[in-house]
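So that the names make sense, note that chain A is the first sequence line, chain B the second, and so on, each numbered from 1.
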Amino acid sequence: MTTTSALPKQYDPSEVEPRWRRFWLENGFFHADEASPTVPYAITLPPPNVTGSLHIGHALGSTLQDILIRWKRMQGFNAMWMPGSDHASIAVHVLLERDLKRREHRTRFDLGRDEFMRQAWAWKERSGNRISEQEKLLGFSLDWTRERFTMDERSNRAVVEAFVRLYEEGLIFRAKRMINWDPVSETVVSDLEVDTAEENGSLWELRYPLAGGGEIVVATTRPETMLGDTAVAVHVSDARYTHLHGKEVELPLTGRRIPIVAVDLVRDGKPWPDPAFGSGAVKVTPAHDPSDYEVSQVAGLPILQVIDLKGRICAPAPAKYVGMSVADARKAVVADLEAGGFLVGVKDHKVPRGRSQRSGAVIEPMLMQQWWVKAAPLAEKAAAAVEQGKTRFVPEHETKTFMHWMTNIKDWCISRQLWWGHRIPAWHCGTCGTIMVARAAPGECRTCGNPAITQDEDILDTWFSSGLWPFSTLGWPDKTRDLATFYPNNVLVTGPDILFFWVARMMMMGLHFLGKVPFRAVYLTSIVTDENGDKMSKTRGNVIDPLDIVHGATLEQLLERVEVEKPPVDPETLRRAIRKNFARGIPAMGADALRFALAALNTTQRLRLSVERVEKYRNFINKLWNASRFALMNLDGYDPERFEAQLSTPAGRAALGMPERWILSRLQVVVGEVDAALESFRFNDAAGAIFHFVWDELCDWYIEIAKSHLYLTPEVEQDATRNARRHVVQGVLATVLETTLRLMHPFSPFVTEEIWQKLPKPSQLPGSLMITVFPRSDAWWIDAAAEAEMRLVQDIAVTCRMLKQTYGVSPAQSIAVELRVAGSGPRATVEHHLALVERAAKVTAAVSGAELATAPPADAAKAVVGAAVEIVMPLGGLIDVVAERKRIAKDLGKVDKEISTLENKLGNADFLAKAPEDVVAEQKLRLGEEQSRRQRLADALATLSASSAGATEAGGGAL
RNA sequence: AGGCACGUAGCUCAGUGGGAGAGCACUACCUUGACACGGUAGGGGUCCGCGGUUCAAUCCCGCGCGUGCCUACCA
């Protein structure tokens, strides 16, 4: 009555995963009770934007978080993982408006605020649900009873409260300052939301005539802004222009006169304007250039706005240009300047151009009244907290990036002229202009009593609510039990790309409002790219969707999506890219394989992911599956309780064979490694340790050794000793497997749960692997002697296989070998475990003392293992003396080199005097071993030579 | 321009002040009663270059070259 038929040869995640997903959810295993007396461990999921679906970057971050949460939960912590999503104000705007434009050729202004909001909410419902379904699919053990949204009631309240308090404290204020205007989305965006890149542009040199005759030449990359010039600036130290200070120029095309001002500015350590650059004179357009604005403030210049909010030229520019787009105006102005003889020349020039991260529009610097957060006092606290180690960054070097930003921080513009988001809790009086910031709409103007007050039209930057997230989700501003239990979080796991956007703001807000850092550690993940290191992008056709890894997708399915999604690029080019990148489609590999792969590959700043790489871990999952399948096929008659009782007695433990002691020892070492690796966020090391233990030790060696004891033959059945032995091996195999499953569960929860449920185990264990106890390394089981003995057995077996293979002896054919072992200790070990070698290498072995043995036959292959063992494999006519000599000589060469290195070292008085004793001793030991090894190799070579002098002459000259 | 990181096998990447590693790829062999999503063995590296510190450097320091990321208002 075996269970063979119960398990298929290949693991099928699509059949297994849904069952356990349902099981865990139905049993409420993901829920954390805020009133639990156990030690809390909390993580807040970085809320995905409700703009689409879960991408591979989310899958990576969330996998690592789930590993931590499941690990800590199994360790007995009150593990809480807060789920939620972000309203992603401008991102939703861009998508909805793009869609609106494509389908109906309308803008949000055609639709109106109410209707637009209705559509945005509908979008949120669809997208938000899709994301949480995907998170469940990947097995993330988020506490779904707590699911939040940045625009839900709770978050709204926190946002209003935070805004009002900051305003009352003078940390939020309104000011007219230079901002980044996105003329496509028609909103201001923060500095962080602008991507500046060098683009090809031109540098025009313009000739401005002086009022009293003569001229001054200025250079510009934006000639159209000359319509708003209010000065020409030169550096005070620039002697060429000293005589022009205070003079005026006739500004071409405008009929205006503007002054030449001398300024004394230093930027980047250089005088500004830099006399060494161009003519040294600069035109000044305070309303449309941040740098010129600064000059205008220093020099007291007027400010002329000539570009409006739609990016068009406006009065007071000459009527001719009013209404033109910036690009058209540029052409017209240049043409007119040229016609008027004001154009000196134009040349190609790389210009840094800011574009809105979301809409891609060229940013127009503008002077506007906006709401700001005074950042310096908040940042100061955050920087201090990091310096005091209250929050640490992993990898540690990211601390510097963070601190650099924090110490150079600028005020944060938080108002946006968008609709989807938190409306600013400020009311304006239409009569007297009073601004009232309040938690609820005031009934009338508090200055003039006018009831006609209107709420500020603007909404808040989406990151304002995100900045409150670690505590708004826990009920702040109320003093909740949740907050007391789970704030601060233990760790924040996120990508380095939102360090400033989000991490910095949470630090500032958390410290300000709660007086405590929001999290003790910040772990920054890799950025996932394709295998070439290119960013994954739908427009590039290189996106690996985590769901496709789980479910699989044929090439045809991938191609069909181009039609459905209509990304804004040439569909044919895109299809070509997809065909190239996913020629074979994507096989269904399951969530476990993806999760394990992501954990194992998360090493450097970039994680280059490909289908092939995930396949390797799919194979690993399958390997584990088959090892378990083997175990289950051979566990009939096994009594877990009896075995457990047996292990708890000294006599029972003494009954363990060396391979049992070895695998149990290795397991405990690996448990310690995994635990230590997770403790310091080295997910890849933890995954690697499990991978190698399961594959290279459990499967390759222990299971192979166990087979001879487990196969149930009539002889075994009738032999009490062998039956007892079989029970022990069954017990060890089952125990090791069970512990391994617990160890691996945080990484790959589905397959481990599936196997664990099938495994015979003591009955007092809980009903699910995910609520068992995570293994703790038990030093009692670590057995250096067993590990050393096993190492020797492995080395001998491997070398025997090598000899067989070298001489073309079929692996299936058993062959006799002679093992000559120096020293009675090693000899006893080899003799004792001879059967293991014989089985592993398929040889029949005889052991002799190296000192006693007669010279080995010449027609034998020979090899040396370590310092003590020589393997002699008689091969009769099979042996190729020349090849054999070559091989041994090569080994000899290596040993000689090693010996000379060691001798040099040990012959160096300084080394002996200054190196630590244990290092010296170790080197001496090694020299001894290498010398003894050399002797054995030399002997082997000598016996070959003696018998085949002819062959030596013919083929061994080089030796 | 500044800051940070990186440069190790054909590729992707671990790693350590004292004997160079993994996976994939490659070569040869093996359909052995867990697994061909498998097994066995093998080849392959001036650890970017040049200096320095040290008894000892792939590892620490400096310079150079190359790559990536982030920050920045150069006309």
Using a 4.0 Å heavy-atom cut-off across all strands, classify [X] as base, sugar-phosphate, or nothing.
{"X": "R618(A)", "value": "base"}
{"X": "Y711(A)", "value": "base"}
{"X": "E898(A)", "value": "sugar-phosphate"}
{"X": "V798(A)", "value": "sugar-phosphate"}
{"X": "H288(A)", "value": "nothing"}
{"X": "K9(A)", "value": "sugar-phosphate"}
{"X": "Q923(A)", "value": "sugar-phosphate"}
{"X": "W695(A)", "value": "sugar-phosphate"}

Look at the side-chain N and O atoms of [X] and state whether any lies under 4.0 Å from the OP1 or OP2 oxygen of [N].
{"X": "K350(A)", "N": "C74(B)", "answer": "no"}
{"X": "N684(A)", "N": "C13(B)", "answer": "no"}
{"X": "K623(A)", "N": "A34(B)", "answer": "no"}
{"X": "W272(A)", "N": "C73(B)", "answer": "no"}
{"X": "Y702(A)", "N": "A34(B)", "answer": "no"}
{"X": "R926(A)", "N": "G19(B)", "answer": "yes"}

Taking the basic N atoms (NZ, or NE/NH1/NH2) and the acidic carboxylate oxygens, is any pair closer than 4.0 Å for [X] and [Y]?
{"X": "D289(A)", "Y": "R222(A)", "answer": "no"}
{"X": "E704(A)", "Y": "R839(A)", "answer": "no"}
{"X": "E898(A)", "Y": "R933(A)", "answer": "no"}

Pick the [atom1] atom in [N] and in [M], then give their distance to the nearest Å.
{"N": "C47(B)", "M": "C11(B)", "atom1": "P", "value": "16 Å"}
{"N": "U54(B)", "M": "C59(B)", "atom1": "C1'", "value": "13 Å"}
{"N": "G38(B)", "M": "G18(B)", "atom1": "C1'", "value": "39 Å"}
{"N": "C26(B)", "M": "A9(B)", "atom1": "C1'", "value": "12 Å"}
{"N": "U40(B)", "M": "C35(B)", "atom1": "P", "value": "15 Å"}
{"N": "C48(B)", "M": "G68(B)", "atom1": "C1'", "value": "16 Å"}
{"N": "G10(B)", "M": "U46(B)", "atom1": "P", "value": "8 Å"}

Check: protein-nucleotides 23-26 of chain B nitrogen or oxygen pairs below 3.5 Å:
unit_1, atom_1, unit_2, atom_2, d
G23(B), O4', K616(A), NZ, 3.1
G23(B), O2', K616(A), NZ, 2.9

Considering residues, nucleotides and ligands other than E612(A), do more than 12 of their heavy atoms fall under 6.0 Å from its CD?
yes
Just jot down the side chain to side chain contact (heavy atoms under 4.5 Å, CB included) partners of Q794(A), sequence neighbours excluded, or say none.
W662(A), W701(A), M790(A), R791(A)
Could I get a table of every N or O pair under 3.5 Å where one atom is in the protein and the other is in nucleotides 43-48 of chain B?
unit_1, atom_1, unit_2, atom_2, d
G43(B), OP1, K890(A), NZ, 3.4

Detail all sub-3.5 Å separations between protein N/O atoms and N/O atoms belonging to nucleotides 4-6 of chain B.
unit_1, atom_1, unit_2, atom_2, d
C4(B), O2', H397(A), ND1, 3.3
A5(B), O2', Q605(A), NE2, 3.0

Report yes if the side chains of L698(A) and L737(A) come closer than 4.5 Å at any heavy-atom pair, otherwise no.
yes
Side chains of F911(A) and V919(A) in contact at under 4.5 Å (non-hydrogen atoms)
yes
Produce the list of close N/O pairs, under 3.5 Å, pairing protein atoms with atoms of nucleotides 52-56 of chain B; give distances to one decimal.
unit_1, atom_1, unit_2, atom_2, d
C55(B), OP1, K914(A), NZ, 2.5
C55(B), O2', N908(A), ND2, 2.9

Listed once per pair and sorted, the side-chain hydrogen bond (donor to acceptor under 3.5 Å, both in side chains) pairs that draw on residues 614-624 of chain A, sequence neighbours left out:
none
Taking pairing as Watson-Crick or G-U wobble with both contacts under 3.5 Å, can you name the mate of G44(B), or confirm there isn't one?
none
